Amino acid sequence: MKLGFSPEDELFRQECADWLGGQMAGEFRDIRGVTKLTGSPERRKEWEQQLAAHGWSCIGWPSQWGGRDATLAQQVIFAEEYARAGVPGRVNHIGIELAGPTILTFGTREQKQRFLPGIAAGKTIFCQGFSEPNAGSDLASVRTKARLEGDQWIVNGQKIWTSLAHISDWIFVVTRTEEGSQGPRGLTFLMMPIDQPGIDIRGIRQINGDAEFNETFFTDARCPADSLIGAVGDGWRIAMGLLAFERGVSTLGQQMGFRNELDEIIAAARSNGAARDPLIRQRLAKAEIGLRLMRYGALRMLSQTDHARIDGAALTYKIQWASWRRNLGELAMDVLGQEGEISDHRDYEWDTLPNLFLFSRSDTIYGGTNQIQRNLIAERGLGMPREPRGSV
Amino acid sequence: MKLGFSPEDELFRQECADWLGGQMAGEFRDIRGVTKLTGSPERRKEWEQQLAAHGWSCIGWPSQWGGRDATLAQQVIFAEEYARAGVPGRVNHIGIELAGPTILTFGTREQKQRFLPGIAAGKTIFCQGFSEPNAGSDLASVRTKARLEGDQWIVNGQKIWTSLAHISDWIFVVTRTEEGSQGPRGLTFLMMPIDQPGIDIRGIRQINGDAEFNETFFTDARCPADSLIGAVGDGWRIAMGLLAFERGVSTLGQQMGFRNELDEIIAAARSNGAARDPLIRQRLAKAEIGLRLMRYGALRMLSQTDHARIDGAALTYKIQWASWRRNLGELAMDVLGQEGEISDHRDYEWDTLPNLFLFSRSDTIYGGTNQIQRNLIAERGLGMPREPRGSV
Amino acid sequence: MEFAFTDEQQMIAETARAFFAEHATSERTRRAMAGEGIDLALWRAFCRELALSGIGIPESAEGAGLGLVELAIVAEAAGAQVAALPMLGSLALAGQAIAAGGSEAQRTQWVPPLIAGDRIAGYFHDDRMLASGGRLTGGSRFVAHGAIADLFVVTDMRQMWMVRADAPGVTVTAQTSMDQTRPFAHVMLENAPGEILPDPGAALGAAQRAAFIVVAAEALGGAQACLDRTVAYAKERIQFGRPIGSFQAYKHRLADMMIEIEQARSAVYWAACAVDEGAGEADMAVHAAKSFAADTFFRCAGDMIQLHGGIGFTWEHDAHLFFKRARSLQTMLGSGNWHREKIAAMILGEAA
Amino acid sequence: MEFAFTDEQQMIAETARAFFAEHATSERTRRAMAGEGIDLALWRAFCRELALSGIGIPESAEGAGLGLVELAIVAEAAGAQVAALPMLGSLALAGQAIAAGGSEAQRTQWVPPLIAGDRIAGYFHDDRMLASGGRLTGGSRFVAHGAIADLFVVTDMRQMWMVRADAPGVTVTAQTSMDQTRPFAHVMLENAPGEILPDPGAALGAAQRAAFIVVAAEALGGAQACLDRTVAYAKERIQFGRPIGSFQAYKHRLADMMIEIEQARSAVYWAACAVDEGAGEADMAVHAAKSFAADTFFRCAGDMIQLHGGIGFTWEHDAHLFFKRARSLQTMLGSGNWHREKIAAMILGEAA
């Protein structure tokens, strides 16, 4: 058990910091500090390509496919330095962290050759089509249908919460390909080009006034048969495999974003005197502890990837960060007081902390609600009986 | 809507206070302030009879049966003054508040004549036999069996958590009289004399070192056929009716006990400096608010007895006080610090506040766990679907 | 001792509930949110047709009589619909202050038009206000519905004045506010003329007590609405082949909402009753009601979002109106911690 | 960077777990509770046969080497059985203090017998201890396992001394203690002879760090045991015709226990690792571990009682052993709030 990094790792850290810092001070200084998912989309696509051009796009991938075969420690370091430099989140997060690894694991040789170079180069932006209006937390209730006509799948239905669909090139969707099938059976995993007449994307305005999420409508949309991953009817297995990738190194980058939010709250508390309130002090200390424990939980999780088993740290991670961040939003507002309830922006647009307060209400819902997470923990982690499905 | 009491009520209050105060300063001063359920049983039986001799034993009962036809306001006042005077809890609480009203509501004329005078006179002490080892929160799972032989019911089985069984004269039990019946059907409500060879009582030692509760074993125990309340198979309905009496005026007396506990914590906090800690101050304020809201919740509940409907205040009362008191136990210990973890008594016996901390862990369990309470609230109060019974 | 509504109170409750449920619709409230945060037609209808706007102000002070219990009943009904109305600032704060602490002339001049909805008043305090020769310099950035007010009642917590919105030296700027149904304005006074109220103690006491109770009652109504709407959703929404309300974790969360709401209900009417009866515990009661009910509302509104899943955090769904109102009620007129510290001081003495 | 047990650490964990699970049985622990709160035979077996008692004390100081990670592993295993052993006082506090701050002679004289279980030491602090001419006057009523100690290591938080239990002026009185597996004694020094440790700073630092980590690790082991035992019960106990573990509310409560325990696990080993590696964040880590793990244990032990229903609050069931140990770990060596205030001071500066 070892927390420290080797001297080589520290050199690598310096290299990351230098390059990222240079970019954020130079050519890409205009996007430094952008935190909104929807901010500056075109420049951030260019940033994806800049990363790729300098070999930083997907360092954990095999070098054969544009990666660097980076060690775990290196990936951790890169994620930390990326966030520390104030670089905005990756618009191709889904491509690099989910679609790519899924294709690497389940795709054919031909699919790897077709998709991976574009993703690695920052030219193929992916988004994710899992949730549906009536299958919010319940992938097995998917109703979007696909049927094969010649060498094309014809897709009809609707997905929801498809973040960044409006700037993406491809979407992967879980579809029901077996007529009349129910639950996890009869599902198929398709990769579909977005720019086609059968796909219509509409933004969903959230309670913070912004629209990070979309609804995506499929009306006789087309998917080439060779963009099916795995086999027909294999969609559940692929989707479950993909969800496991969500617990990768990118969690550490996410945490650095949390760090910035907490630091901003600490600064506000020091400046407005809330830092003298013993109740606020306790809550800030708890937030600090919670964030540290997320980091060490993530490192435990990552240190065990070899072992193939999903252990406690991994199972509990989603609900941990989601609840932590929702509490952080409330703490931010309690530190700000009524100041947090007014905005200098005209159009119901909010500074970082009030926006955190509003947006974080979604953290405990999307990607599996806290309730679903607790079911999973009890059932998979503790061997409790599964919730029965109803027949309504 | 009116909280104040009339001048006549205030006169009645004075009368209560004078008589109770006089007793506690005089003949019964030795039991003043006894808080343990198990303390001074013989003297407290004498106290029951003293109450009866002066017409204070069951003031809410009809005057025909030894009561005073007291108004709600008078009952509230008596309960408050009773506790304020430091009088210990009634050892015949179950007789006065549950068995008596049950007989009044469901008993025959003959049963009323047989039982009520003894209860009212403080000479017939009752205890309650509902819970069983495998039916903790689930009355419908009762397994204790009764079969009729001639003019006697023969009872076999086991009840648990029968408080004060060891000093009681009678026990009322819910038994299964229909062979092979399941759930709420086939249950019958019996009143049984305790002093007989077929009934064996053993104390259960709790985590506070004391033994307020008992196990009661029935081995061919006998119950005269005319001590059956209602009809054979009617036990569920009677038991449910009885549980409604639990939300009577005696809750206010219980609250006065809570008041004394909270006051003791407040005094400890003032004396040891914990009262300067802003975190403790918040928690004490919350405890104070919670206690006040219990009082006004109880008054709402009582003010609506005419209306027959069980409203929100009544449904939520049990979990409210149980959770409040468990939290109070933790607050008491946090106020006391490590002092609360040592005792001057030799035999693992505790002063009021540490005892509160330990004993109150049972408050959220007996009489329907917090989980069962939440089921009831959601199902009866909000119309949610019932939990399915299993078939294991 | 009868802690239940009288028949008359029951009738007021039913009238008010029916009125707001019919008129304070989501559509109208959203129109108000896009504008100045007031549904002026609704406000006028409330004041003139419903004739409940003078409740809680004695008839001797040009009000409609009755007490804070009845005022709480009305505020609860308005809160249940997150109605975009200046009830808090114009009636509970300014109206109560003028009625309790104003001269007869001031009462006669201002109370009737406030009750009639012909005039709207805002209210704020500024501890550091400078007052000299009837001229005031100070301000606040958190004046609820201040941008549409004709009059401000202002206090430095010692004295109290009336300042006309169109007087020289008064600048009013609307603020983008999280709760768009009760937006704040920034009101600045720069040597502005103020008309002093002769009995500031009575004015301050009446305004605070009424406002704490109105905030608490609105919160109670809002919390109950969050529960009611979530209960309805729980019955109709199917997930995993079952109504989501059949899941025990969901049920228990609804039960927890109900447990808190029932306590909040006791708190609100305890406080209103205690003030109406002049009971010794009235001060504790209003602090308890404000803190408990507002915290309950916030919790229930957050739960409403959570229990609605994805749809719950969209702009389109009304959950966020409740959520933002709840947040606003929590912070305005003193946080929960502040109110609880007041109670702690009552039972423990002042903190060291 | 590899935040997982090495093979050697894994082996120590398995050895310690197996040892305590086999020997620190409920029956033996209850015998110890009825007596002086120590299972002396178990303690000697642990010290002599298992040979893990010197862990965390450098070989140069007569210890067995290895670090606080390994010490935490052992404490976690002991905590899982609520073992009635003087590990905290004798090894983590007194042993660490003498090893880090004692002279070579003191180390040689005391560390080996403590590790061997031939001698048992207690530890306490008294801010107001009077020290003059090698004579000490002061005391504490909360000396864990003090009634069976041969030696006390005592500090006024500036200096540190060793005091023999049989020295003149030393009075030791056993106290009836809520946690009977780690009973307190009242130790009074009245002009008692103390032998000063030459490096009190090192002694205090080592004792505090090790004790915070040992308390946290015991709490982690205890919390996990509460969860494990409740999970087993959930599978076998039938209510309403179903295993109670099939009720979603029950499942979610178990899940909540697991979520906290996994965080506590990260906290304990982060702290132990950080101290072993001399990391800059070690101070924050030990405060985080002590407060978080002890609070987690208390919550899990309370949940264990609740989820066992009636049987859970009987003397006969072991739940109360965990519950009382958990309470004791929460208060000893600083409450959760105290530790969090330390962390607040690190991130915010001292409170005003």
Side-chain angles (χ1 to χ4, degrees), chain B residues 1-6 9 71-73 76-77 262 266 269-270 273 275-278 280-286 288-290 292-304 307 311-313 315-317 319-320 323 371 373-379 381-388, chain C residues 1-6 9 67 69 227-228 231 234-235 242-243 245-248 250-267 269-270 272-274 276-279 281 284-285 287-289 291-292 336-337 339-349 351-352:
Chain B
M1 185 165 269
K2 187 165 164 313
L3 288 176
F5 291 93
S6 69
D9 289 337
T71 64
L72 170 63
V76 167
I77 287 167
L262 177 52
I266 289 171
R270 291 169 67 124
R276 286 193 301 270
D277 177 347
I280 293 289
R281 293 173 72 82
Q282 285 289 315
R283 290 168 66 194
L284 284 168
K286 281 183 185 171
E288 180 73 39
I289 293 169
R292 301 287 183 136
L293 299 188
M294 265 190 263
R295 174 177 160 82
Y296 293 101
L299 292 183
R300 275 173 59 207
M301 197 157 84
L302 293 166
S303 296
Q304 298 197 333
H307 302 212
D311 81 338
L315 268 174
T316 60
Y317 186 71
I319 190 170
Q320 218 183 102
S323 303
Q371 287 69 42
Q373 297 300 329
R374 289 194 183 91
N375 280 353
L376 291 176
I377 293 165
E379 293 168 9
L382 299 170
M384 290 295 107
R386 299 213 163 201
E387 285 302 301
Chain C
M1 208 293 301
E2 180 76 25
F3 197 38
F5 286 161
T6 61
Q9 288 164 343
V69 170
L227 176 57
D228 292 344
V231 162
K235 290 176 180 168
R242 299 162 50 181
S246 73
F247 286 94
Q248 196 187 26
Y250 203 103
K251 287 161 67 171
H252 281 198
R253 192 128 171 189
L254 294 175
D256 284 339
M257 291 166 78
M258 179 162 166
I259 294 163
E260 277 205 32
I261 289 168
E262 290 303 325
Q263 291 173 278
R265 191 180 314 286
S266 299
Y269 290 102
W270 166 39
C273 238
D276 281 346
E277 297 177 15
E281 56 182 26
M284 178 181 287
H287 289 300
S291 57
F292 195 96
N337 289 348
H339 285 279
R340 282 186 291 270
E341 174 53 39
K342 292 282 171 195
I343 291 176
M346 294 176 193
I347 60 179
L348 294 164

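All values below were derived from every heavy atom in this structure, side-chain atoms included, with hydrogens, water molecules and symmetry-related copies excluded. None of these values were measured; they are calculated from a predicted model.
Residues B/Arg270 and C/Gly349 share a closest heavy-atom pair of NH1-N, 4.4 Å.
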Run the side chain to side chain contact (heavy atoms under 4.5 Å, CB included) test on B/Glu387 and C/Lys251 for me, step by step, so that the C-alpha distance in whole Å, both residues' side-chain angles and the decisive distance to 0.1 Å come before the verdict.
CA-CA 10 Å; B/Glu387 285 302 301; C/Lys251 287 161 67 171; 3.0 Å; yes
Output, in order, the C-alpha distance, side-chain angles, deciding distance and verdict of side chain to side chain contact (heavy atoms under 4.5 Å, CB included) for C/Gln9 and C/Thr6.
CA-CA 5 Å; C/Gln9 288 164 343; C/Thr6 61; 3.2 Å; yes
In sequence, state the C-alpha distance, the side-chain angles, and the governing distance for C/Glu281 and B/Arg292, and then conclude on side chain to side chain contact (heavy atoms under 4.5 Å, CB included).
CA-CA 10 Å; C/Glu281 56 182 26; B/Arg292 301 287 183 136; 2.6 Å; yes
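With a 4.5 angstrom heavy-atom cutoff, C/Ala267 touches chain B via backbone and side-chain atoms both. Looking at B/Arg386, the atoms closer than 4.5 Å to chain C (heavy atoms on both sides) all sit in the backbone: N, CA, C or O. When heavy atoms are compared at a cutoff of 4.5 Å, B/Ile319 approaches chain C solely by way of its side chain, counted from C-beta outward. Contact annotation for C/Val69: only side-chain heavy atoms (C-beta onward) come within less than 4.5 Å of a heavy atom of chain B. Of the atoms belonging to C/Glu277, it is side-chain heavy atoms, and not backbone ones, that fall under 4.5 Å from chain B. With a threshold of 4.5 angstrom between heavy atoms, C/Glu260 does not approach chain B through any atom at all. If you measure heavy-atom distances from B/Glu288 to chain C, the contacts under 4.5 Å come from the side chain alone. For B/Gln373, no part lies under 4.5 angstrom from a heavy atom of chain C. Of the atoms belonging to B/Asp277, not a single heavy atom falls under 4.5 Å from chain C. For C/Gln263, the parts sitting under 4.5 Å from any heavy atom of chain B are the backbone and the side chain alike. Contacts of C/Phe292 with chain B are made by side-chain atoms alone, with heavy-atom separations under 4.5 Å and no backbone atom involved.
When each of C/Arg340, C/Arg265, C/Lys235 is checked for heavy-atom pairs under 4.5 Å with chain B, C/Arg340 comes out on top. Taking C/Asn337, C/Asp228, C/Asp276 one by one and counting their heavy-atom pairs under 4.5 Å with chain B, the maximum is reached by C/Asn337. Chain B forms the most heavy-atom pairs under 4.5 Å with one residue out of C/Ile343, C/Leu227, C/Ile259, and that residue is C/Ile259. By number of non-hydrogen pairs under 4.5 angstrom with chain B, the leading residue of C/Ser266, C/Ala234, C/Ala255 is C/Ser266. Of all the listed residues (C/Arg253, C/Met257, C/Glu262), the one sharing the greatest number of non-hydrogen pairs under 4.5 Å with chain B is C/Glu262. Of the listed residues B/Leu3, B/Leu299, B/Ile289, B/Thr316, the one with more heavy-atom pairs under 4.5 angstrom with chain C than any other is B/Leu3.
Under the side-chain contact (heavy atoms from CB on, under 4.5 Å) rule, B/Glu379 has a single partner from B/Leu382, B/Asn375, B/Ile377, which is B/Asn375.
The shortest distance between side-chain heavy atoms of C/His252 and B/Gln371 falls below 4.5 Å.
For the pair B/Arg300 and C/Tyr269, the NZ or CZ position fails the cation-pi test of under 6.0 Å to the six-membered ring centre and within 45 degrees of the ring normal.
Applying the 6.0 Å contact sphere to NZ of B/Lys2 captures more than 12 heavy atoms from other residues, nucleotides or ligands.
For C/Tyr250, the side chain to side chain donor-acceptor pair (under 3.5 Å) criterion is met by no residue, not counting sequence neighbours. Every ring pair (Phe, Tyr, Trp, His ring centres under 6.0 Å) that C/Phe3 has, sequence neighbours left out, goes to B/Tyr296.
Expressed to the nearest 0.5 Å, how far CD1 of B/Ile280 lies from CG of C/Leu348 amounts to 10.0 Å.
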